Amino acid sequence: MALSMFGEFFHNVDAKGRLSVPSKFRDALGTTVVIAQGPERCLRLYSLEKWEAFVAGLEEQIDTSTVDGRQMFRKLTAKSSVCDIDSQGRIIVTPSLRDYAGITKEVAVIGNGGKAEVWDRARYEADLGDDAYSDEELAKKIAEYKVQL
């Protein structure tokens, strides 16, 4: 069974683009990760196994015989980067991925089940922090999606 990642951690990206991966996520991610563009201008961190499953799912779901399908596939995969976690638990986030996510220094690294997300901290706190859903809105979404708690 794959390890699940959850929680939020706040770190800094240094001038060389190095980011410390939360120690609680390292077992789930392994020693090599894939960093990819995520929706809403975040980055996603996948283990190699999860990334390969993600890409296999894309290949099944996206019709790449069409221009639209090929463009979508490229958008989801082209700027991805494979990176080894160094002995200090850090990865290097490429300049293009940092630019995409608007990351300059402070980030929020959050668990999202089988993957982690990296957000510019200010954007995370403004858009997705504690007030992303009111208690009432969350209750409605839980009912809408029929989530069993």
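Since the structure is predicted, the reported quantities are computational estimates derived from the model, not experimental observations. Keep in mind that the numbers below use all heavy atoms, side chains included, and drop hydrogens, waters and symmetry copies.
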Check: Does Thr77 have any side-chain hydrogen bond (donor to acceptor under 3.5 Å, both in side chains) partners at least two apart in sequence or in another chain, and if so, which?
Finding: none
Notebook entry, point to check: Do the charged groups of Lys140 and Glu136 touch, with an N to O distance under 4.0 Å?
Noted result: no
Notebook entry, point to check: Going from CZ on Arg121 to OG1 on Thr104, what distance comes out if it is rounded to the nearest 0.5 angstrom?
Noted result: 12.5 Å
Margin query: Using modelled atom types and a 3.5 Å cut-off, is there a donor and acceptor pairing between side-chain atoms of Arg26 and backbone atoms of Val21?
Written below: yes
Notebook entry, point to check: Is the side chain of Arg90 donor-acceptor paired with the backbone N or O of Leu19 at a distance under 3.5 Å, no angle test?
Noted result: no
Notebook entry, point to check: Aromatic rings Trp51 and Phe54: how do their planes relate, parallel, tilted or perpendicular, breaks at 30° and 60°?
Noted result: tilted
Check: Do other residues, nucleotides or ligands put more than 12 heavy atoms under 6.0 Å from the CZ atom of Phe6?
Finding: no
Check: Checking Asn12 side chain against Asp14 main chain: does a donor-acceptor pair fall under 3.5 Å?
Finding: no
Item checked: CA sep, side-chain torsions, deciding dist, call: Ile62, Arg70, side-chain contact (heavy atoms from CB on, under 4.5 Å) -> CA-CA 8 Å; Ile62 297 175; Arg70 289 189 299 276; over 6 Å; no
Notebook entry, point to check: Say you draw a straight line from CZ of Arg41 to CG of Asp99; how long is it, rounded to the nearest 0.5 Å?
Noted result: 10.0 Å
Margin query: Grouping I, L, V, M, F, W and Y whenever their side-chain heavy atoms are under 4.5 Å apart, do Val118 and Tyr100 come out in a common cluster?
Written below: yes
Margin query: What I'd like to find out is whether the side chain of Lys75 reaches to under 4.5 Å of the side chain of Gln37, using heavy atoms alone.
Written below: yes
Notebook entry, point to check: Does the side chain of Val13 come within less than 4.5 Å of Arg98's, by heavy atoms?
Noted result: yes
Note to self: Run the side-chain contact (heavy atoms from CB on, under 4.5 Å) test on Ile91 and Asp86 for me, step by step, so that the C-alpha distance in whole Å, both residues' side-chain angles and the decisive distance to 0.1 Å come before the verdict.
What the structure shows: CA-CA 7 Å; Ile91 56 173; Asp86 72 13; over 6 Å; no
Notebook entry, point to check: Any sub-3.5 Å donor-acceptor pair from Arg123's side-chain atoms to Ala101's backbone N or O?
Noted result: yes
Checklist line | Modelled atom types, side-chain donor and acceptor of Glu52 and Tyr46, under 3.5 Å | finding: no
Next item on the list: Measure across Ile35 and Cys83 and return the closest heavy-atom pair with its distance rounded to 0.1 Å.
Entry: CD1-CB, 4.2 Å
Check: Linking I/L/V/M/F/W/Y whenever their side-chain heavy atoms sit closer than 4.5 Å, directly or via other members, would Val93 and Leu48 fall into one cluster?
Finding: no
With a 3.5 Å cut-off and sequence neighbours excluded, list the donor-acceptor pairs that the side chains of residues 105-117 form with protein atoms.
residue	atom	partner	partner atom	Å
Asn112	ND2	Glu117	OE2	2.9
Glu117	OE1	Trp119	NE1	3.0
Glu117	OE2	Arg44	NE	3.4

Margin query: Grouping I, L, V, M, F, W and Y whenever their side-chain heavy atoms are under 4.5 Å apart, do Val67 and Met72 come out in a common cluster?
Written below: no
Next item on the list: Apply side-chain contact (heavy atoms from CB on, under 4.5 Å) to the pair Ile103 and Leu43, showing each step before the final yes or no.
Entry: CA-CA 10 Å; Ile103 293 170; Leu43 303 178; 3.9 Å; yes
Next item on the list: Find the distance between CZ (Phe9) and OG (Ser23) and round it off to the nearest 0.5 Å.
Entry: 7.0 Å
Margin query: I need the minimum non-hydrogen distance between Pro22 and His11, along with the two atoms involved.
Written below: CG-NE2, 3.8 Å
Checklist line | Between Ser65 and Asp63, a side-chain donor and acceptor under 3.5 Å | finding: yes
Check: Does the side-chain contact (heavy atoms from CB on, under 4.5 Å) test come out yes or no for Ser81 and Leu97, once each step is laid out?
Finding: CA-CA 9 Å; Ser81 174; Leu97 287 171; 4.1 Å; yes
Item checked: Same apolar cluster: Val33 and Leu76, side chain cutoff 4.5 Å -> no
Notebook entry, point to check: Taking side chain as C-beta onward, heavy atoms only, is Val147 less than 4.5 Å from Lys141?
Noted result: no
Item checked: Spacing of CD belonging to Glu137 relative to CD1 belonging to Ile142, to within rounding of 0.5 Å -> 12.0 Å
Next item on the list: Check the hydrophobic clustering (I, L, V, M, F, W, Y; side-chain heavy atoms under 4.5 Å; chains of links allowed) and say if Ile85 and Val34 are grouped together.
Entry: no
